[in-house]
Amino acid sequence: MKLCRFNDDRLGVVEGDEVRDVTGVLDRLPLFRASFPKHDPVIARLPELMPALAEAARAAPALALSGVTLLSPVGNPGKVVAAPVNYMKHLDEAIADPHTFSAAHARAIQESGLFLKATSSITGMSGGVRLRFPHRRNDHEVELVAVIGRAGSDIAAADALDHVAGYCIGLDMTVRGPEERSFRKSVDSYTVLGPWLVTADEFGSPEDVGLELSVSGEPRQKARTKDLILSVRDLIVFASSFYSLLPGDILMTGTPEGVGPVNPGDIIRASIERIGQIEVAVRNA
Ligand code: MN
């Protein structure tokens with residue numbers, strides 16, 4: 001199943017180039033008063049909601065996807081976990097260009113560990129990327145994103161993929177420079193998620209899917225997830241060895257070689273097999 005959030009926080013089931021509004025199913029969720037949970041309540045209940053979502057989709061009128069505003073497919077993630085340099089060839093390009101990539105950051109992921117991005121940086125594909133520092137270098141990074149479905153801590157490798165609710169495309173936008181990664185990558189709109197969540201049952205194995213990105217028609221990145229240094233499975237084990245993963249947590253798996261700058265007016269197109277494509281406009285903040 002492909003699930004999206006659209007317009008004024010509607011929930012949709014995507015079929016082909018149409019979306020069915022299934023927001024009414026959310027009436028089944030518990031109502032919260034303060035304090036609110038630190039996870040995403042829709043993702044947490046997804047397995048039990050899916051039959052109702054499918055049924056509601058059959059009865060709902062079809063809207064053209066081209067006419068809706070696509071938001072982040074996860075509305076309330078508790079954290080964004082991200083993998084630094086996690087493709088060998090991206091490490092090579094970082095080491096080869098010390099003016100762009102500070103030496104402290106051009107290290108293998110097993111040494112660097114993971115980092116967190118502010119959840120306030122999340123946007124959907126329709127929101128676009130807003131460059132707050134247009135005179136610095138702002139890079140695109142296309143990444144396969146796994147959305148955690150089931151909570152866990154110290155998750156075993158054999159169970160890791162059972163903790164994934166689904167997958168989407170992510171852009172880990174980056175201001176290049178010497179500051180901490182989490183600071184440079186947490187600018188508002190610098191975490192683009194979309195176009196929708198493909199549930200894990202439909203997506204299948206994340207071990208070898210193709211991803212690519214172009215900027216205003218120019219091909220920039222093209223790779224397969226089989227070349228990840230730490231696979232999705234490894235990343236879940238690694239992350240959960242330090243902290244609990246909760247439903248709705250976003251896991252950005254790292255970008256392959258070919259990162260490069262974007263400028264106001266550019267259109268970023270990124271696609272991942274079995275998910276689809278996002279089209280993201282870049283402008284000044
Ligand atoms: Mn990244």
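Count residues from 1 along the sequence. If you're wondering where the values come from, they're calculated on a predicted model, not measured in any experiment. Atoms within a ligand are numbered from 1 in the order they appear, just like the ligands themselves.
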Original post:
Between Arg184 and Thr174, is any side-chain donor less than 3.5 angstrom from a side-chain acceptor?
Top reply: no
Subject >> Neighbouring protein N, O or S atoms of the Mn ion (ligand 1) [cut-off: under 2.8 Å, no waters] >> reply: Glu141 OE1, Glu143 OE2, Asp172 OD2
Original post:
Is a side-chain donor-acceptor pair under 3.5 Å present for Thr69 with Ser126?
Top reply: no
**OP:** Scan side-chain atoms only and decide if Lys117 and Ser186 contain a donor-acceptor pair under the 3.5 Å cut-off.
**Re:** no
**OP:** Please collect all side chain to side chain donor-acceptor pair (under 3.5 Å) contacts where either partner lies in residues 149-169, sequence neighbours excluded, each pair once.
**Re:** none
Original post:
Where the side chain of Ser271 meets the backbone of Gly276, is there a donor-acceptor pair that is under 3.5 Å apart?
Top reply: no
**OP:** Mark yes or no for whether Ser189, through its side chain, and Thr123, through its backbone, hold a donor-acceptor pair below 3.5 Å.
**Re:** no
